[in-house]
Amino acid sequence: MAESNYWTRLSAQRVSRRRALRGAAVAGAGIAGAALIGCGGGDEAPAAPAAQQATPAAKATAAAKATAKPALTEATLTSAIGSDIGSGDPQSLGGTGGGNWPNTDTHFVHAGLLDIDQESRKLVANFAESWEAAPDQLSFVYKLRKDVTFHNGDPLTAEDVKFSMDRGALGQAAYNKDYKGGHSAQFASLVKNAEVIDKHTVKFNMLKPDVIFLRRGLFLVPKAHIEKVGDVVYAEKPVGAGPFKFVSRVPDSQMVSERYDGYYGKPDKPTVSGVHQPFIKRLVQKVIPDSQARLAALQAGEVDLVHNVASDIAKQLEKDPKFTAFFLSGDQPMHIHINTALEKDPATGQPNPWRDKRVRMAANLAVDLDGIIKGILTGKERPSYGSSSTSVGFPKDLPQQRFKQDKAEAKKLLAAAGHEKGFDAKLWGPGGRWPNSRTVMEVVGQSLTDIGIKTTLQELQYQEVTTRFKDRSLYPLCFWGMSGGDDPGANFRFGYHSGGNYTMSTPSKEIDALIEKSEGEFDPAKRSELLGEIIKKFYLDAQWIFLYEPVTVVVTNKKWNWAIHKKTLSNPEYWRIQPA
Amino acid sequence: MRRYLLLRLLQSLLTILLVVMVVFLIARIAGDPVTLLVTFDASQSDINRLKQELGLADPLPQQFVRFLTDAARGDFGISFRTNRPAMQEVLSRVPASAQLAGFALLISLAISIPLGVLAAVTRGSLVDVIARFFALVGQAAPNFWVGLMLIFLFSVRFGWFPTGGRGGLDHMFLPALTLGTSASASLTRLTRSAMLDVINSDFVTMARAKGLPRRTVIFKHALRNALIPVVTILGVRVGVLISGSVIVETIFAWPGVGRLIIQAINVSDFPVVQAAITLTATSIVLANFLTDIVYMFIDPRIRYVRS
């Protein structure tokens with residue numbers, strides 16, 4: 001892909017009115033070409049993962065600022081985001097409750113009992129200052145901090161925690177039987193009930209042990225306030241206990257929030273995970289769906305920060321002294337899923353060639369992953385080794401055993417598997433769901449064709465892909481991304497295990513057994529060892545065609561400084577951004 | 001006359017019903033929305049429970065009958081995404097789309113009628129060539145390209161207008177100009193060709209021979225008759241514009257019906273998709289119906305007879 005696109009080239013030029021008019025006069029002749037080029041901007045990035053790399057200039061500025069004394073300011077930061085939340089209620093389907101719907105607000109307005117330490121990846125205290133699991137893992141007792149208040153001034157109590165679990169997670173809202181908590185489908189089969197022990201102690205009783213229960217998010221909401229105003233009003237004007245308090249929202253237009261002065265984490269005394277009151281006074285998030293229009297808003301000075309900038313534009317902006325580009329490394333590794341669940345090719349009735357490890361190895365060796373990363377993507381992506389982000393931790397020796405493009409070896413492997421003449425394959429994918437997905441699919445398809453696997457592409461709606469994953473009817477390949485979250489083992493059951501909802505692979509019985517064992521292993525060290533073994537075996541067995549960990553690009557103008565703190569996040573750390 | 005109107009009304013209702021039925025089926029064929037509502041690790045029993053809660057576990061015919069019965073009462077269900085009534089969600093976007101559509105229509109009429117008339121009466125002149133070139137370019141240029149170019153010029157370079165969002169007149173100008181340009185291109189061509197037909201007809205020659213002033217001949221005799229096909233197209237466009245322009249609303253971050261429909265389709269928010277398409281289909285059918293009625297007032301010669 002070219003280093004610059006039509007938009008950035010145009011933006012780099014100085015345009016006088018005469019030149020603009022001249023340009024307009026010849027525009028007609030260039031329409032067809034321009035239209036084709038313009039089409040390239042269609043790939044919309046989803047709300048994406050983890051943070052990490054800033055440009056060298058940004059790092060230097062960040063380091064300098066880090067030594068300065070942090071100060072609360074009266075500044076307003078205006079950002080441009082690609083999509084709006086469905087609801088301000090974090091427990092509803094359109095808030096964070098809907099597993100895959102974007103959530104741009106609730107990470108700041110609402111928060112939970114525990115948090116993740118960014119360095120150690122361990123669970124740390126947040127609104128709960130301590131917690132204890134029963135030896136049989138069938139109950140958890142949390143002691144709450146006494147200095148946490150909601151944005152309306154109400155103190156956080158055990159009643160609020162119980163209410164949040166009942167309403168959001170278990171779908172039991174006594175005051176409104178019709179309320180549908182978004183998490184109900186996830187939690188209802190795990191949690192029996194929540195019990196108030198005293199004003200600042202609460203207990204969750206489990207139906208069965210769950211090794212990652214503590215890492216499952218539960219946003220806390222104020223009981224008395226919701227019972228008073230009702231669900232509809234609450235969804236329009238949410239009240240949380242996070243570092244930002246909600247001010248106003250016009251659906252699909254903009255959302256305004258302000259620093260919450262009562263937040264217990266202060267710049268000089270942050271929470272255990274490092275969160276504190278925002279440096280800025282006010283945050284305005286404008287919803288601008290088109291990525292080029294978002295960039296135009298930044299260039300026109302209407303916004304200070306833009307989320308989800310296309311990779312080719314990001315490469316250009318990285319060199320622009322007017323802006324700072326931040327490359328947020330992702331926790332949703334991309335891969336080509338291989339259907340080995342079906343014994344026979346449904347179209348021809350022939351045995352499924354992908355069940356042979358040599359064919360899968362050949363496919364991995366056919367792909368020029370470095371070329372994809374440097375040519376199509378931002379160049380900052382890391383190779384993926386499965387469904388877990390490398391930032392979450394996995395076997396240290398795995399990168400040395402990485403598959404690297406070797407077409408001759410790939411052809412040999414195919415021949416050894418009895419496919420000298422190759423065979424046909426279809427590569428499915430959910431269209432523009434991920435940045436540059438169509439282009440990546442084309443390159444992978446061509447690479448496979450080059451070694452004899454004649455590949456054709458077929459795009460589907462995202463939800464159709466998810467539906468067909470369940471009945472394993474996407475054959476034989478599918479471009480796919482899976483978020484591992486904060487725990488590497490969180491998605492093994494549904495993404496790796498042969499009985500999982502989102503796998504069409506059939507890993508060995510040994511891998512299945514390891515996954516089952518890891519789910520019953522509560523000792524962190526032993527569990528970590530098991531997870532590493534699973535990741536390694538799955539990779540070396542070439543169960544998928546492993547691709548990359550995507551990055552999301554955030555660009556700011558020079559008025560702001562952002563010393564990136566978190567390793568994994570789906571949005572900029574607005575609480576940490578301060579005027580330059 | 002009354003029988004004709006009744007028949008047209010029934011045809012319109014049938015059209016709306018067919019559209020809604022097709023949308024109902026296609027939305028469900030495209031995938032299971034519950035897979036988007038739950039996290040990846042939800043078990044099958046969890047998914048089934050949510051399907052029950054949302055009424056998606058029933059057989060399709062049963063779901064369709066329930067949908068029609070509720071829709072007849074104006075109840076299109078609750079949006080999966082926002083937890084608000086679906087029709088309320090759609091109606092809340094209509095003012096934005098209608099405002100943009102109204103302004104875009106004004107712009108398109110202000111450009112197309114004078115330009116079309118001028119091109120016709122000065123046929124073969126430079127003005128005619130420019131008008132035809134404008135019509136060609138306006139129709140060929142895709143809205144997203146025109147929109148981005150306008151943003152680039154007038155927002156980024158000159159800083160005259162905001163890049164997007166809904167606000168005052170300044171916010172509306174660029175999106176309305178984008179929509180209006182494409183609409184005016186086709187209307188200019190149509191006005192020009194209709195005018196050419198009319199100014200060569202006998203009654204215009206007669207008017208000229210009577211010594212009527214040129215302005216009277218053009219505007220009172222020729223234009224009035226040439227407007228009939230223009231009104232037809234305009235009627236259809238009004239319906240389409242009110243239902244929202246997906247591309248323009250997306251580029252200019254305009255919170256209208258078009259953008260809502262796309263969002264709802266992306267997450268299989270059936271209630272909103274169904275409510276929005278029902279409203280859209282109704283507005284287009286209604287616009288066509290009204291156009292037929294307006295015909296009779298524009299041209300008294302037009303009368304409906306039973307064939």
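In this text, all values refer to a predicted model and were calculated from it rather than measured experimentally. To find a chain, count down the sequence lines: A is the first, B the second, and so on, and within it residues start at 1.
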Counting distance only, does the side-chain N/O of A:R294 pair as donor-acceptor with the main-chain N or O of A:P289 below 3.5 Å?
-> yes
Portion of B:F134 that has a non-hydrogen atom of chain A nearer than 4.5 angstrom | neither
Measuring heavy-atom distances to chain B, does A:A235 have an atom under 4.5 Å in its side chain, in its backbone, in both, or in neither?
-> neither
Go through B:Q52 and B:D58 one step at a time and tell me if the side chain to side chain donor-acceptor pair (under 3.5 Å) criterion holds.
-> CA-CA 8 Å; B:Q52 288 281 1; B:D58 302 327; over 6 Å; no
Name the region of A:V287, side chain, backbone, both or neither, that has any atom closer than 4.5 Å to a heavy atom of chain B.
-> both
B:F161 and B:F154 aromatic ring geometry - parallel, tilted or perpendicular at 30°/60° bounds | perpendicular
Hey, what's the ring geometry for B:F64 with B:F67, parallel, tilted or perpendicular (30° and 60° as the breaks)?
-> tilted
